[in-house]
Structure formats: structure tokens, C-alpha cells
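What follows is a short report on a single structure.
Whatever order the structure lists ligands and atoms in, that order sets their numbers, starting from 1.
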Amino acid sequence: MDCFLLQGGRRLKGEIRVSGAKNAILPIMAASLLTRGECIIWDAPDIKDVATMAQILTSLGAKVWVGVDARTGLRYVRILADSLRSHEVSPKLMGEMRSSIVLMGALLGRLGKFRVYRPGGCPIGLRPINFHINGLARLGVRLSVKHGFIHGEAPRLVGQEIHLDFPSVTTTENLMMAAAYAEGTTVIRNAAREPEVVDLGNFLNSLGARVTGAGLDTIRVTGVRELGGTEHTVIPDRIEAGTYLVAAAVTGGELTVTNVIPEHLEAVTAKLREAGVPLEVGRGHIRVLPGTRLRPVDFKTLPYPGFPTDMQPQVMAMMCFAKGTSLITENIFESRFGHAEALVRMGASVEIVNKMAVVRGEGSLTGAWVKATDLRAGAGLVVAGLGAEGMTVIEDVAHIDRGYERMDEKLSSVGADIKRVRM
Ligand code: EPZ
């Protein structure tokens, strides 16, 4: 098992380039199944989830190549799904990555059927799929959910008006993909507005689909008969960017994150400024300036453009270094405070009351032996370890590697004392 050894107290200084967004490339890779044409996806992050999605696509019969362009140094994923041999995703592969749920829409669009294993819950919640099931049923999909498998079949997909109970990101994405070839127009109301949904809409349109309204709460998809190939560059990862800004803030450092679309993380930068982090926002970069003096802030996680739940653990860790009480309300997932226990072990004072965490910041933490329970909780513990006094050991960093490209190397390059060790 890989662990991180962190010696806290080193100020981060320098520049980190943000990679392509995990939550954009995963649905886009799935969407490449919709066409027989070749898809080249640029700025692919070198993360475990991309490798897992590549394995899944290959198991279905697609050809997948991953490489680095010699001229630009950009990583790419090249996918050719000209002939598929299966509509079934193995339970093992489904179990490795929850977001493989987005394959339902793509397989429906291309083959009119799918059989996937119901992805399990995870430390942040039960992760039900009722919105997905209800939405696909509206499009005429006959579904059966038993023995842990979801089987969907639709001799023909007919466009409908669908109102989501909640602006679920992957539900929105599944419906967009399933609707790409449906007869007529599908209207998705109360749709998720995340930038990753917009990126998927742009990708689908570059294949020849007819998607309008992505990024708004009503998305329309008019079915077409044929889709072609494309080249597409995924948007930068706004959560990776936010994570490194927070890491710089807790060390009192001076850090520039590049390859950023600042508009995608306005809720985060606004909250960081409120918390006493001086920021300079440029066209494609954001810089933490020297002089951070952290103060407690309250925040609630909300669907985009509200404060993103995927930044909650990292900012909770940062609030431990402020002096005073912060109230954090987690509105998206029902149990996304798993990282609090590790922070308490590092000396934090955190009390959980239903959906709210009360953090009584004392201005410092001490290093300890902790364990990453999920991707963003792990990122939060790295933030805590960077600012803590002494050594922190973080076990099971495979969770972090699922969504952060070589986090240890990126942090070392700007002065962090962080080492990856195998135990
Ligand atoms: C996406 O997950 C992201 N994952 C998550 O990022 C992110 O935290 C989440 O959106 C934010 O909403 C990917 O894009 C791959 P949801 P998703 O459907 O689509 C409930 C990360 O760390 N719900 O928007 O699975 C659900 O339980 C990950 O990168 C139902 O009740 O999230 C949650 O409470 C973590 N029934 C809420 O809706 C359903 O059928 C929002 O979930 C679906 C969801």
C-alpha cells in the first residue's frame, strides 16, 4: 500500500500546472462509445480512474490508446469504438469506479441496451441511482435491477421532457448521452450546471450531436442519426486547482496554479478571500500571494455554481489553522465528514451535528498517522499534513491517485517535504 510521508511547515512556492478534469474526461470517454469515428481527447490526466475507464472501454470492444504528444507534451486518450462486442461491464471494473455509471447512457445510445453492476456506496454516502433509473425509464428504457445488476433495454429511445428531483451531475450526463440518438427532442429540467456537464455537451456537439443549454438548468438534446469522430481538449480540473490553492494558503506560501478557468471556481476563490487568503486572478491562472492570515469562515456545499462539495474536506482542514469557529454544512452527500476523525487525531476540534461540522480552529495541527478514506478526504489530509507541526503519515493514498495526477511530485516541485513510500 502506498503512503505519503509529510513533514509539515514548509512554505509552498512556485507554480503548478493543473491537469485535465477527472470529472470531465470520464463521461467524455464513455461518450466516445456513441460513435464509430475516432475520438482524440487531449490533456488527459494521468490518474487511475482514466486507466480504469480505458480498461472498461476495451472490455466492451473499443480500441484505446494512451500517449503523450512529443511536440506539446500533452497526454491524450485515443478511442476507436468502430465495433463493440459487448454491452456488459464486469462487476469488478464497475466496483473500481463509481462513475462508471455514466456508461449506461452511452451504451443505450449506441447499442440500445446495457448491463452494469450496481456500483456500491462509498465513504461519502449510499450513492443511490434512482434519478438515473427514473430518467432513463422516461426515455422508454425497460429496466430491471436485481442480483446487484442493472439491465436496461430500449428498442427505440423517444425524446421526452424529464424533470430531475435534484441536479444530479452524472444523471444529467447519462440522459444527454442516451438522448443523442433518441427520436425527437429530450428536455432535461433541473439539470446539473457543472462545467464538466458543459464540457460533455461541447464534446457531443463536436461529434455532431445537437445539445443546447448545457450549463443552464434546462438542457435540450435533439436526436440525430449519425455521429462522427472528433478531437477535444478537456477543461482543467477546478477541484485540483482549488486543492493546491488551499495547500498554499495553509503553508503561508506563494503559489501560482496555471491551466485554470477562474470562472469555474469562483465560489472557492470568493471563500478563500473571505478566509484571509490574498489571491490574484489572471486569465488562465490564479496566484496565492504572500501574507495569508487565516480567519474562520462558514460555508455550505451546493450544486454548481455554489460551493463544491469536492472542496469541503480541503477547506475544513484549512479552517483548523484559523483561530475561531467555522460552520460547515454538507448538503450534497449524507456522510462526507469521514476526514474529520483524522483531523481530530491531528489535534483539531471538530463536532458533527447532522449535516453540519463545527470546527473550532486553534491555529495549528500536529502531525499524526492517518488514513485516506476517499479521494477528497485524502486531499484534505494532505492539506492538513502540509500545515501541521511534525510528521504526518497518510495511508492508502491510492484513493488520492484515483483523481490527482502525481500529487506528491507536484507538491514536491514547489517545496513540500512529501515522499511516497510503499508499506
Ligand atoms: C458527481 O458525482 C461527481 N463525480 C462527484 O465527484 C461530485 O461530488 C458530485 O457530482 C457533486 O454533485 C463525477 O462527476 C464522476 P450527484 P455524482 O448525482 O454524479 C444523490 C469526486 O470526488 N443522488 O450529483 O455521483 C447523491 O447521493 C466525486 O470527484 C440520488 O439520490 O453525484 C448525492 O447526495 C465525488 N439518486 C446527490 O444526489 C441518484 O440517482 C448528488 O449526487 C443520484 C444521486
Side-chain angles (χ1 to χ4, degrees), residues 19-31 45 47-50 52-53 56 94 96-106 116 118-138 143 145 150 162 164-177 188 190-200 217 234-235 237-243 267 300-314 329-339 355 372-380 399-405 407:
S19 305
K22 164 179 93 81
N23 291 347
I25 195 168
L26 293 176
I28 284 173
M29 287 175 74
I47 57 175
K48 177 86 174 56
D49 276 8
V50 167
T52 303
M53 183 58 86
I56 291 173
M94 282 293 291
E96 285 185 27
M97 188 175 65
R98 262 202 56 76
S99 39
S100 38
I101 197 80
V102 292
L103 285 152
M104 296 196 296
V116 298
R118 199 192 181 299
C122 58
I124 62 176
L126 278 176
R127 310 298 290 275
I129 57 168
N130 53 319
F131 302 158
H132 296 259
I133 299 297
N134 298 343
L136 294 175
R138 285 279 297 148
L143 293 133
V145 185
I150 315 158
I162 300 167
L164 298 185
D165 292 353
F166 182 90
S168 156
V169 175
T170 48
T171 302
T172 301
E173 292 165 344
N174 258 328
L175 294 174
M176 289 163 74
M177 289 187 266
I188 307 168
N190 196 24
R193 298 168 51 190
E194 272 71 0
E196 293 77 24
V197 171
V198 178
D199 209 24
L200 175 64
D217 61 5
V234 287
I235 56 171
D237 194 315
R238 61 194 167 100
I239 304 300
E240 185 192 15
T243 302
K300 300 178 185 335
T301 65
L302 288 167
Y304 192 87
F307 188 91
T309 176
D310 292 348
M311 279 298 302
Q312 180 260 103
Q314 300 90 313
T329 308
E330 174 54 65
N331 289 312
I332 306 296
F333 289 105
E334 70 269 27
S335 58
R336 192 173 208 170
F337 288 135
H339 43 286
K355 297 203 305 184
T373 50
D374 72 85
L375 166 59
R376 308 301 176 185
H399 289 289
I400 298 175
D401 294 335
R402 281 193 42 217
Y404 287 91
E405 178 178 287
M407 178 185 267

Would you say that Phe131 contacts Thr170 through its side chain, given a criterion of any heavy-atom pair below 4.5 Å between the two side chains? no
Near ligand 1, which protein residues have a heavy atom under 4.0 Å away? Lys22, Asn23, Ser99, Ile124, Arg127, Pro128, Ile129, Asn130, Phe131, His132, Phe166, Ser168, Val169, Thr170, Thr309, Asp310, Ile332, Phe333, Arg336, Leu375, Arg376
Is there side-chain contact between Met94 and Ile150, with heavy atoms separated by less than 4.5 Å? no
Below 4.0 angstrom, N of the basic side chain to O of the carboxylate: do Glu196 and Arg238 qualify? yes
Less than 4.0 angstrom from a charged side-chain N to a carboxylate O is my criterion; do Arg98 and Asp49 meet it? no
Identified side chain to side chain donor-acceptor pair (under 3.5 Å) partner of Lys355 from the options Asn331, Thr301, Thr329: Asn331
Would a 4.5 Å heavy-atom cut-off, applied to side chains only, mark Gln312 and His339 as touching? yes
